[in-house]
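Please read the structure below before turning to the comments.
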Amino acid sequence: TVHVRQDCGVNGYSLNAQSSFTTLCSPLVAPIAENFASGTGTTPPSCWTNPLLSGGERWAFATTPLTGNYPSPVNDPTSGNTRVAWIDASSDVLVNELTTPYIDRSALTSTTAGFKFLSNNTNNAILHTINMDVWNGTAWVNMITYSGNNAAWIPLEAVVPGGIPTITRFRIVAVRNPAGTTADYFYNDLF
């Protein structure tokens, strides 16, 4: 918390104005893997961000097997019984982003980043898209764009493009199918 006041000269000082902020976490050193085991509700693991941007859905973190969603049940892609990050498409999925802490990849000769993805809408033609972007120091650069159905988890990965700083971050963003409505979106949850 920071307190700021003005020196009013012979009249003394103004009242304190207060502002609070949180400093960024120290960069994680690559290679890293995240299984979301410490995420709960819409609170991501430490140092990850899950902002609520202008309405829409936030990423949620749930213990698996997760039931009552589409598809159901959902097991995690490794042991089958821990946690997953997901977007409940029962309402408008936009605007969302799940962002990593800064990652120091300077010890690596090349960097591949990715995630495992599950979406299996068997009820209608709605297919939302999932993107993974990397921060170039000024703007987000898209690395992965995928839209599709599969009953199994699909590994998605890409090589980090040249020109990206060695200390950077990544984000995963769900993008709604513009052809549908919230009634259609119900069946296309993203994990």
Side-chain angles (χ1 to χ4, degrees), residues 30-45 48-53 55-101 103 110-134 140-161 169-191:
I32 67 159
E34 177 61 60
N35 64 8
F36 302 112
S38 63
T40 57
T42 58
T43 302
W48 285 66
T49 60
N50 185 25
L52 182 57
L53 304 171
E57 290 286 334
R58 291 174 82 180
W59 286 87
F61 305 90
T63 302
T64 60
L66 180 60
T67 60
N69 43 277
Y70 293 93
S72 184
V74 171
N75 290 311
D76 79 60
T78 53
S79 67
N81 197 22
T82 184
R83 301 186 81 73
V84 294
W86 71 298
I87 289 279
D88 180 356
S90 296
S91 63
D92 192 346
V93 286
L94 290 183
V95 177
N96 66 84
E97 66 180 49
L98 179 59
T99 307
T100 69
I103 298 170
S110 68
T111 308
T112 300
F115 57 97
K116 293 180 182 170
F117 177 66
L118 176 64
S119 176
N120 194 27
N121 181 0
T122 59
N123 294 291
N124 60 38
I126 294 299
L127 287 176
H128 299 309
T129 300
I130 194 88
N131 291 335
M132 187 179 75
D133 305 325
V134 63
W140 292 104
V141 176
N142 182 256
M143 291 179 55
I144 297 171
T145 297
Y146 181 81
S147 179
N149 283 321
N150 196 306
W153 288 91
I154 298 176
L156 300 171
E157 61 182 39
V159 174
V160 175
R169 57 191 172 151
F170 301 85
R171 73 175 180 180
I172 299 173
V173 180
V175 180
R176 73 172 175 211
N177 182 328
T181 66
T182 54
D184 302 322
Y185 297 159
F186 186 83
Y187 299 106
N188 195 211
D189 296 337
L190 305 175
F191 301 86

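Computation of the quantities below employed the complete heavy-atom set of this structure, encompassing side-chain atoms and omitting hydrogens, waters and symmetry-equivalent molecules.
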Indicate the atoms forming the closest heavy-atom contact of S147 with T129, along with that distance. CB-OG1, 3.6 Å
For T111, what residues pass the side-chain hydrogen bond (donor to acceptor under 3.5 Å, both in side chains) criterion, not counting sequence neighbours? R105
Taking all non-hydrogen atoms of both residues into account, name the closest pair between H128 and L190 and its distance. CB-CD1, 3.8 Å
Contacts of D88 that satisfy salt bridge (Lys or Arg N to Asp or Glu O under 4.0 Å) - sequence neighbours left out: none
Listed partners of P73 passing side-chain contact (heavy atoms from CB on, under 4.5 Å), at least two apart: P65, T67
Under the side-chain contact (heavy atoms from CB on, under 4.5 Å) test, residues paired with V159 that sit two or more places apart: T112
Which heavy-atom pair separates L66 from S72 by the least distance, and what is that distance? O-OG, 4.2 Å
Identify every side-chain donor-acceptor pair in residues 34-42 under 3.5 Å, counting partners at least two apart or on other chains, and give the distances.
{"unit_1": "E34", "atom_1": "OE2", "unit_2": "F36", "atom_2": "N", "d": "2.8"}
{"unit_1": "N35", "atom_1": "OD1", "unit_2": "A37", "atom_2": "N", "d": "3.0"}

Run the side-chain contact (heavy atoms from CB on, under 4.5 Å) check on W48 and T99 step by step: do they pass? CA-CA 6 Å; W48 285 66; T99 307; over 6 Å; no
Please lay out, stage by stage, how V84 and W153 fare under the test side-chain contact (heavy atoms from CB on, under 4.5 Å). CA-CA 12 Å; V84 294; W153 288 91; 4.0 Å; yes
Checking Y70 now: which residues fulfil ring pair (Phe, Tyr, Trp, His ring centres under 6.0 Å) with it, not counting sequence neighbours? F186, Y187
Heavy-atom side-chain contact between I87 and W59 under 4.5 Å: yes
Taking all atoms of both residues into account, what is the closest heavy-atom pair of F61 and W86, and its distance? N-CD1, 4.4 Å
What do the steps show when you test I130 against L156 for side-chain contact (heavy atoms from CB on, under 4.5 Å), and what is the final call? CA-CA 10 Å; I130 194 88; L156 300 171; 4.2 Å; yes
Contact summary for I126 and A179, nearest pair of heavy atoms: CD1-C, 4.5 Å
Between I144 and N131, is a side-chain contact (heavy atoms from CB on, under 4.5 Å) present by the stated rule, with each step listed? CA-CA 5 Å; I144 297 171; N131 291 335; over 6 Å; no
Partners of N120 by side-chain contact (heavy atoms from CB on, under 4.5 Å), sequence neighbours excluded? P71, T122, N149, A151
Smallest heavy-atom separation, V141 atom then P161 atom, equals CG1-CG, 4.4 Å
Separation between OG1 (T78) and CZ (R83), nearest 0.5 Å, reads 13.0 Å
Qualifying residues under ring pair (Phe, Tyr, Trp, His ring centres under 6.0 Å), relative to W140, sequence neighbours excluded: W135
Pairwise side-chain contact, F191 with N69, heavy-atom cut-off 4.5 Å (strictly under): yes
P77 and L118, any side-chain heavy atoms less than 4.5 Å apart: no
If the condition is side-chain hydrogen bond (donor to acceptor under 3.5 Å, both in side chains), which residues does D184 pass it with, not counting sequence neighbours? T181
Just jot down the salt bridge (Lys or Arg N to Asp or Glu O under 4.0 Å) partners of R171, sequence neighbours excluded, or say none. E97, D133
Which residues share a side-chain hydrogen bond (donor to acceptor under 3.5 Å, both in side chains) with N188, sequence neighbours left out: S119
Any side-chain donor paired with an acceptor under 3.5 Å for T64 and N75? no
What pairs with N121 under side-chain hydrogen bond (donor to acceptor under 3.5 Å, both in side chains), at least two apart in sequence or on another chain? N124
